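Because the structure is predicted, anything quoted here is derived from the model rather than measured. Starting from 1, each residue takes its place in the sequence as its number.
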Amino acid sequence: MTTSNTYVKRQPRLPLPAWLRGVLVTLLSISITMLGLLFVTFVIGRVMPIDPVLAVVGERATEAQYDAVFIELGLDKPLIVQFFYYVSDVLRGDFGTSLLTARPVADDIVRVFPATFELATIGILFGCLLGVPLGVVAAVKRGSWIDQIARVVALVGYSMPIFWLGLMGLLLFYGILGWVGGPGRQGIFYEDMIPVVTGMILLDSVLAGDWGAFWDAFSHIVLPGSILGYYSLAYISRMTRSFMLEQLSAEYVTTARVKGMSEWAVVWHHAFRNIRVQLITVIALSYANLLEGSVLTEIIFSWPGIGSYITTALLSADMNAVLGGTVVVGLVFICLNVFSDLLYKVFDPRSK
């Protein structure tokens with residue numbers, strides 16, 4: 001009896017393209033980070049000393065009403081089941097209903113987030129346009145009076161309480177000099193006159209062609225935006241100076257100077273180009289901090305952004321609003337990190 005072995009030749013698997021592998025790794029990283037964020041917010045909602053049922057029914061509710069809402073909220077189910085329902089609701093954009101406004105939390109966030117985005121964008125533009133050149137000049141003129149001023153500016157920016165700076169700014173520039181608008185996003189005359197398209201009043205007023213409303217909105221945002229920008233300026237200028245000092249002491253810079261290259265070309269076309277990737281991280285982190293850390297500024301200037309929204313919700317025991325706002329802020333951090341990773345590939349060919 002003859003036995004024959006038949007071997008089937010396997011076709012070699014084609015390797016995935018590098019860009020596709022990068023996309024899959026990025027999506028996996030985002031998914032894991034987002035799942036961790038949802039787990040943290042879920043745990044916070046369970047360990048906070050606030051009874052979500054009492055927040056809904058009130059302290060005068062009967063036991064039957066309490067039990068009915070307890071079951072309706074799904075609190076009678078195991079924690080793993082509650083977490084699964086929580087994740088599925090968030091993925092559908094359902095953060096529940098705000099107890100304070102009696103509206104879906106997602107609608108509230110869509111309404112308040114553009115105000116914070118607009119304020120933080122003005123702040124980061126202020127910080128970048130002034131902080132980066134200041135840090136570069138301070139590094140080039142190391143030990144000079146310009147360097148000393150830059151270091152003092154950064155030190156004051158780190159140490160001065162923002163609520164005090166905001167109050168002094170209102171007193172001086174609004175109360176005494178009258179150079180800027182007061183608290184809020186617009187004056188009474190222009191309030192609710194601009195059609196809402198993006199939620200950002202400066203952009204909406206341009207789209208509407210109402211330049212009077214634009215300058216009114218600008219007069220209200222310039223002070224809180226510059227105060228936020230001052231803190232980002234302090235951080236960005238300090239880090240830029242540190243990065244530039246490292247590059248200016250490198251051998252390739254000395255070689256470029258020996259070859260007779262102009263100081264402008266040495267500083268900006270050689271040294272500064274090599275710190276762009278590091279600056280991307282610094283600016284992205286600073287921008288994210290402005291988006292989530294502008295609570296005191298929004299409260300002082302009566303700015304209806306997400307920071308004041310979360311704070312008001314927390315003081316009112318509105319946990320749906322608090323957790324929804326926290327998830328959105330965390331998502332902003334994730335998106336900015338992904339965006340900075342994409343910029344790495346543009347400015348640093350070695351990362352491709």
Does any N or O in the side chain of [X] come within less than 3.5 Å of the main-chain N or O of [Y], such that one atom is a donor and the other an acceptor?
| X | Y | value |
| --- | --- | --- |
| N320 | G96 | no |
| D318 | L100 | yes |
| D94 | V90 | no |
| E298 | P304 | no |
| S226 | G229 | no |
| D216 | G187 | yes |
| T311 | G307 | yes |
| T312 | Y309 | no |
| Y85 | I80 | no |

Can you confirm whether [X] sits close enough to [Y] that some side-chain heavy atom of one is under 4.5 Å from a side-chain heavy atom of the other?
| X | Y | value |
| --- | --- | --- |
| Y230 | I162 | no |
| P114 | T198 | no |
| F39 | L35 | no |
| R142 | L245 | yes |
| I221 | W303 | yes |
| Q247 | Y252 | yes |
| Q186 | I194 | yes |

Problem - Residues in salt bridge (Lys or Arg N to Asp or Glu O under 4.0 Å) contact with E263, at least two apart in sequence or another chain - result: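 In terms of salt bridge (Lys or Arg N to Asp or Glu O under 4.0 Å), with neighbours along the sequence ignored, E263 is linked to R257.
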Handout entry: Spacing of OG1 belonging to T116 relative to CD1 belonging to I109, to within rounding of 0.5 Å
Key =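 Rounded to the nearest 0.5 Å, the OG1-CD1 separation comes out at 11.0 Å.
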Handout entry: Residue that, paired with Y231, satisfies side-chain contact (heavy atoms from CB on, under 4.5 Å) out of L165, I236, N289
Key =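 Of the listed options, the one satisfying the test is L165.
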Problem - For F42, ring-ring contact (aromatic ring centres under 6.0 Å, His included) partners two or more places apart - result: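 So F42 forms a ring-ring contact (aromatic ring centres under 6.0 Å, His included) with F83, Y86.
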Problem - Option among R238, K141, R241 that satisfies the salt bridge (Lys or Arg N to Asp or Glu O under 4.0 Å) test with D147 - result: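 Single salt bridge (Lys or Arg N to Asp or Glu O under 4.0 Å) partner of D147 among R238, K141, R241: R241.
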